[in-house]
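Beneath this line is the structure, given in C-alpha cells, with notes to follow.
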Amino acid sequence: MYSPRLSLIPVVCLVASFFRSVSAHSSPKLKTCVVEAACDGSDDAPSVIKAFQECGKNGKVVFLNETYHINSIMNTTGLQNCEIDLQGTLLWSTDIPYWLNHSMPVGYQNQSSAWIFGGENVHWKGHGYGTLDGNGQVWYDFNNGTSNYPRRPHAITIWQTKNSIFEGIRFVQSQMWTMTVIHSENVLLQDIYVDSTSSTKASTVNTDGADTIYANNITFKRWSVTNGDDSISPKANSTNIHISNCTFYKGVGFALGSIGQYNGVFERIENFTAEDVVFHNTLHAAYIKTWTGQQVGYPPNGGGGGIGYVKNVVLKNFQLNSVQLPTSITQCISFSSASGNCNTSLFKISDITLSNLTGTTTTDPIASFQCSAAAPCENITLTDINLTLTNGTQAYGWNCNNLEESIGFNCTGSTCGTASADGTC
Ligand SMILES: *[C@@H]1O[C@H](CO)[C@@H](O)[C@H](O)[C@H]1NC(C)=O
Ligand SMILES: *[C@@H]1O[C@H](CO)[C@@H](O)[C@H](O)[C@H]1NC(C)=O
Ligand SMILES: *[C@@H]1O[C@H](CO)[C@@H](O)[C@H](O)[C@H]1NC(C)=O
Ligand SMILES: *[C@@H]1O[C@H](CO)[C@@H](O)[C@H](O)[C@H]1NC(C)=O
Ligand SMILES: *[C@@H]1O[C@H](CO)[C@@H](O)[C@H](O)[C@H]1NC(C)=O
Ligand SMILES: *[C@@H]1O[C@H](CO)[C@@H](O)[C@H](O)[C@H]1NC(C)=O
Ligand SMILES: *[C@@H]1O[C@H](CO)[C@@H](O)[C@H](O)[C@H]1NC(C)=O
Ligand SMILES: *[C@@H]1O[C@H](CO)[C@@H](O)[C@H](O)[C@H]1NC(C)=O
Ligand SMILES: *[C@@H]1O[C@H](CO)[C@@H](O)[C@H](O)[C@H]1NC(C)=O
Ligand SMILES: *[C@@H]1O[C@H](CO)[C@@H](O)[C@H](O)[C@H]1NC(C)=O
Ligand SMILES: *[C@@H]1O[C@H](CO)[C@@H](O)[C@H](O)[C@H]1NC(C)=O
Ligand SMILES: *[C@@H]1O[C@H](CO)[C@@H](O)[C@H](O)[C@H]1NC(C)=O
C-alpha cells in the first residue's frame with residue numbers, strides 16, 4: 001500500500017541525501033522507501049543503493065518528481081517482488097575518467113555499464129515521464145565516432161531478471177547502449193521512449209536502443225527509439241523475442257547480431273517476431289549480420305569463427321519511410337581493417353519471413369543477401385512487398401549470394417561481396 005504522499009515530502013531541503021523507510025499499514029512485510037535527492041547536487045547513488053537494499057525485497061522504491069544526481073556506479077541486483085515508482089529524473093554525471101575507471105563489466109564483449117539492475121517479479125513504472133538521462137553529449141563528443149570505446153558505459157543493464165515488467169520509462173542521451181537485457185527471462189518492456197541525439201558533429205555510434213543477450217521470452221511493445229545505431233538488436237542466445245508497435249527513427253532498424261564473433265562458440269537467435277513497426281530514415285528495416293568463419297583479432301572490434309544459427313524469424317506489417325536498404329544479410333563482419341572471407345562463415349541463417357512491407361526507400365535494391373558459401377541461407381520469404389523510391393518509382397532488386405530457396409522473389413543480381421553495411425559497393 002502506498003503511504004500518504006504528503007508525509008513523504010521533505011519540508012526542508014536536506015544537505016545529505018537519504019531515503020526514508022516507511023512501513024505500509026496493510027502488510028507488515030511491504031516496505032516503501034522514498035529516495036530523497038540531495039539539494040547540493042552531490043551524489044544520490046548511495047541513497048538509491050540503500051533504498052534498494054532496504055526495500056528491494058517485498059517492497060517499493062519511490063523516486064519523487066525531482067532530479068537525482070548519479071555520480072557513481074550502482075549494482076542493485078537480486079531484487080524480489082519489488083515495485084519501482086519513478087516520477088523524476090536520474091541524471092548521470094559527466095566525469096568521464098571516473099566512469100572509464102569504474103563502469104562494471106556486463107559479461108559480453110568488453111561491454112560495461114553504469115547501472116546493473118535485476119531481480120524477480122520486479123515492476124518498474126515510469127508513468128511516461130520517469131527518466132534516465134545519461135548526459136550522453138559529453139560521451140558523443142569524447143568518443144567522436146570510435147567503435148566500442150573501452151569502458152564507455154551503457155545506461156543500464158537488466159541482469160538476471162525474471163517475470164518482470166518495465167513500463168513508461170524514458171531514456172534520453174544514453175552514454176552508449178541504452179539497455180541490455182542479459183541472462184533474463186519472461187520480461188515485458190512497454191511504452192518505452194529512447195532518444196540519443198547528438199547536437200554536435202560527433203556521431204551517436206553504439207547508442208543501441210535495446211540489446212538482448214542470453215535472454216529468453218522478452219517482449220517489447222510500443223517503443224519509440226531515436227538513435228544512431230541498432231534500434232533493437234537480439235544478439236547471442238536470444239530466443240522467443242517478441243516485438244510490436246514500435247517506431248524507429250534514424251538508427252539501423254532491427255539488427256539481428258552481430259553474432260558468431262567468438263571462435264568455435266555456439267550461439268543462436270531463434271523465434272524472433274516483429275510486427276506493426278514504423279521506420280523513419282533508418283538504414284534498414286531488418287538486418288542480419290554474422291562474423292566470417294575466420295577469426296581476425298578479438299572482441300569487441302575483432303573476432304569471427306563462431307557457429308550456430310539464426311532461425312524462425314517472422315517480420316510483418318512494416319511501414320517504411322525513407323529507409324536506405326530495407327533488408328540486408330551479411331556474413332562478412334570482420335575486424336575493421338579486414339575484408340573478404342565472406343564465404344567462410346558456418347553460421348546458418350534460415351527460415352526468415354518478411355511480409356507486408358510498404359512505404360518508401362531511398363535507393364534500390366530492396367534486398368542485399370550476402371550469405372556464406374560454407375553455410376548458404378535457406379528458406380527466405382518476402383511477400384506483399386510494395387515499396388517505392390522517394391521519387392515515386394517502384395523499388396526493385398534482390399541481390400543475393402548463396403541463397404537456397406527464395407520464396408516470393410527471384411534474385412536479380414549478386415551482392416558486392418564486401419562488408420559494407422549499406423549494401424553499396
Ligand atoms: C514535475 O515537476 C515539474 C516542476 O518541478 C513540473 O513542471 C512537472 O509537471 C512535474 N511532473 C509531474 C509528472 O508531476
Ligand atoms: C552485482 O552484485 C551482485 C550481487 O551482489 C554480484 O553477484 C555481482 O557480481 C555484482 N556485479 C558486478 C558487475 O559487480
Ligand atoms: C572527430 O573525428 C573527425 C573525423 O572522424 C575529425 O575530423 C575531427 O577532428 C575529430 N574531432 C575531434 C574533436 O577530435
Ligand atoms: C513469457 O513472458 C510473459 C511475460 O512477459 C509471460 O506472460 C509468459 O507466460 C511467458 N511465456 C512463457 C512460455 O513462459
Ligand atoms: C498494435 O497496436 C494496434 C493499435 O493499438 C493494435 O490494434 C494491434 O493489435 C497492436 N499489435 C500487436 C501485435 O499487438
Ligand atoms: C547458447 O545456447 C546454446 C543452446 O542452449 C548453448 O549450448 C550455448 O552454450 C549457449 N552459448 C553461450 C555462449 O552461452
Ligand atoms: C521456437 O518456437 C517453436 C515453435 O513454437 C518451439 O517449438 C521451439 O521450442 C522454440 N525454440 C526455442 C529455443 O524456444
Ligand atoms: C500491412 O501493414 C500495415 C501497417 O504497416 C497495416 O495497416 C495493414 O493492415 C497490413 N496489412 C495486412 C494485410 O495485414
Ligand atoms: C520457412 O520459414 C518459416 C518461418 O519464417 C517457417 O514457418 C516455415 O515452416 C519454413 N519452411 C520450411 C520448408 O522449413
Ligand atoms: C503500392 O503502393 C502504392 C503507393 O502507396 C499504391 O498506389 C499501390 O496501389 C500499391 N500497390 C499494391 C499492389 O498494393
Ligand atoms: C527514380 O530514381 C531511380 C533511381 O535513381 C531512377 O532509376 C528512376 O528513373 C527515377 N524515376 C523517376 C520517375 O525519376
Ligand atoms: C521466379 O522465377 C520462376 C522461374 O522463372 C518463375 O516461375 C516465378 O514466377 C518467379 N517468381 C517471382 C516471384 O517472380
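Counting starts at 1 for both ligands and their atoms, in listed order.
If you take NZ on Lys125 and CG on Asp191, they are separated by 13.0 Å, rounding to the nearest 0.5 Å. Rounding to the nearest 0.5 Å gives a distance of 4.0 Å between CD of Gln137 and OG of Ser198.
In this structure, Asn71 and Tyr98 have side chains that are not in contact, with every pair of non-hydrogen atoms separated by 4.5 Å or more.
Set against the non-hydrogen atoms of Thr353, the atoms of ligand 9 under 4.0 Å away are 3 (C), 4 (C), 5 (O). Listed by number with element, the atoms of ligand 9 under 4.0 Å from a non-hydrogen atom of Val313 are 5 (O). Of all the atoms in ligand 9, the ones that sit under 4.0 Å from a non-hydrogen atom of Ile352 are 5 (O). The atoms of ligand 10 that sit less than 4.0 Å from any heavy atom of Asn386 are 1 (C), 2 (O), 3 (C), 8 (C), 10 (C), 11 (N), 12 (C), 14 (O).
Between the side chains of Gln331 and Asn343, not a single donor N or O lies within less than 3.5 Å of an accepting N or O.
Looking at Asp351, Asn379, Thr381 and measuring to atom 8 (C) of ligand 9, the nearest heavy atom belongs to Asn379.
For atom 11 (N) of ligand 3, a protein heavy-atom neighbour is present inside the 4.0 Å cut-off. At least one protein heavy atom sits closer than 4.0 Å to atom 5 (O) of ligand 9.
Glu378 has a carboxylate O that lies under 4.0 Å from a charged side-chain N of Lys348, or vice versa, which qualifies the two as a salt bridge. Using a cut-off of 4.0 Å between Lys/Arg side-chain N and Asp/Glu carboxylate O, Asp351 and Lys311 are scored as not salt-bridged.
By the 3.5 Å distance cut-off applied to N or O atoms, Glu405 is not counted among the residues near ligand 9.
Of the protein's non-hydrogen atoms, the one nearest atom 1 (C) of ligand 3 is Asn144 ND2, 1.5 Å.
Taking a 6.0 Å sphere around OH of Tyr298, one finds it holds 12 or fewer heavy atoms contributed by other residues, nucleotides or ligands.
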